[in-house]
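Taking it in order: structure first as structure tokens, then the write-up.
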Amino acid sequence: MAHGFDGRLLRRGDAGYEDARRATMWNAFVPDRFPDVIVQAATEDDAVRAVRLARDEGLRIGVRSGGHSWAGNHVRDGGMLLDVSALDDVTVDPAAMRATVQPGREAADLLRQLAAHDLFFPGGHCVGVCVGGYLLQGGFGWNGRVHGPACMSVEAIDVVTAAGELVRADPTQHADLYWAARGAGPGFFGVVTRFHVRVYPRPKVVANAVYLYPLDVLDEVFTWAAEIGPRVARTMELMCFLHRDADGEAEIAVTGPVLADSDEEADEVLAILETCPVRDRAKLALPNLRVTMEDLYAGSHAVYPDEHRYAVDNMWTHAPVSDLLPGLRAIAESLPPAPSHVLWMNWDPAGGPPREDMAFSVEDTTYLALYGVWDDPARDEEMVGWATDHMRAMAPQASGIQLADENLGRRPAKFVSDAHLARLDEIRAVYDPDGRFHPWMGRL
Ligand SMILES: Cc1cc2nc3c(=O)[nH]c(=O)nc-3n(C[C@H](O)[C@H](O)[C@H](O)COP(=O)(O)OP(=O)(O)OC[C@H]3O[C@@H](n4cnc5c(N)ncnc54)[C@H](O)[C@@H]3O)c2cc1C
């Protein structure tokens, strides 16, 4: 036990250092960046000790919870990589409709624990993603169109500040820090050791639909998806995926997971997917399926399999679909083999719950994200280029990006409003005057 840690401290060159560094990444495309020190915190006290050690040694800190940052934001050159994945406690207070969750807990696991109490939280769509990074960056999750970005359900955080003090931040104390924690994402300047969240009644029915369309009706399908967007029930997440099938043919998968309170409601909500003007061109149509949350997670996991190399980029947009079609066609033509894919999601924040005052401030009608997936390191540059260059080309149609799928190190883009970025800088100057915590890897 070095430096009084309950967990482990590894310096560059120590046996076990490289395994520990790699293990912090879910993406197999591990960056060539090497922290001087890795601390694997076993307890909240360890997180405090680590920050104090970093302060004493003049180290900058990158924090890791679930390691699902595609870019490996926590893996920086020099300084300390503080791994808090072992902090994964959950408490549930069903009477108060509240829960607390530590950053290393998978959001999917939190949902399972809540389900035992007939409760629910808008956790992310995939297994593995932990609440640490997910809640700080905003969080678009199951029924997120009903509840808003998941960070809106965070009522307080416990956080180790750059001064090495563990404080509670909420609307009444350290309110600026609380404001920043809801949207600063990979540029947050503190170590969150616990989130205090509001939870909701569990939707009783989980349904879905799947339609597969050939690529030659791309214009018709996306034009229709954009047109129905504002009329889609909040309980449905209309997602269109562009990908290649097993024979290498590009196709469009239209899906509509629904979390509703009755079978009748689910039927009603799904019916809109039958209105596609090229419905008769669907190669496959499964218009009304009853499924489980575990089925939904399995479906997402199939699209984002483990142990592959990933490069991603994204944009929010409210541009007319006619302006987006040329870009979508260009992406489709250059689409790498599956599991690489493109996600088009109907988000429509204007129709959702009023947004609270928080750092999170960039979102829009439609979300578009490219996920390049490959195995051969020789293709790294090509695949990074595929995701990044298409989003660069479509930047004139974008209103900003979502930090969930950020690629800021390669393509800086707007991720909060200008006013909120300025306020984040001011709050950082107060809470982290020496720049102890790494900021975002790029910004405009
Ligand atoms: C397969 C996959 C599916 C995804 N699906 C979704 C989805 O459905 N919805 C969605 O919104 N996002 C999704 N994401 C994006 C994901 O939410 C973000 O990458 C998120 O940051 C991951 O959180 P993490 O704790 O696992 O990652 P980490 O890589 O551990 O954290 C990301 C960054 O957040 C900061 N951070 C993490 N923990 C702390 C902490 N305790 N204190 C201070 N700062 C911290 C650090 O800067 C860190 O670099 C997905 C990502 C992947 C890889």
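Whatever order the structure lists ligands and atoms in, that order sets their numbers, starting from 1.
The pair Arg145-Glu237 fails the salt-bridge criterion, with no side-chain N (NZ, NE, NH1 or NH2) lying under 4.0 Å from an Asp/Glu carboxylate O.
With no hydrogens or angles considered, no side-chain donor-acceptor pair links Asp83 and His74 at under 3.5 Å.
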Worked verdict on Asp14 versus Arg8 for salt bridge (charged side-chain N to carboxylate O under 4.0 Å, His left out): CA-CA 12 Å; Asp14 285 352; Arg8 249 184 0 152; over 6 Å; no
Before giving the answer on salt bridge (charged side-chain N to carboxylate O under 4.0 Å, His left out), spell out for Arg98 and Asp93 the whole-Å C-alpha distance, their side-chain angles and the decisive distance to 0.1 Å. CA-CA 5 Å; Arg98 299 290 185 278; Asp93 182 346; over 6 Å; no
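Note: Trp70 and Tyr304 have tilted aromatic rings, judged against thresholds of 30 and 60 degrees for the angle between ring planes.
Sorted by chain and number, the residues within 4.0 Å of ligand 1 by heavy atom are Trp26, Val63, Arg64, Ser65, Gly66, Gly67, His68, Ser69, Trp70, Asn73, His74, Val84, Pro103, Gly124, His125, Cys126, Val129, Cys130, Gly132, Gly133, Tyr134, Leu136, Gln137, Gly139, Phe140, Pro186, Gly190, Val191, Val192, Tyr304, Ala404.
Annotation: salt bridge (charged side-chain N to carboxylate O under 4.0 Å, His left out) contacts of Asp118 (sequence neighbours excluded): Arg202.
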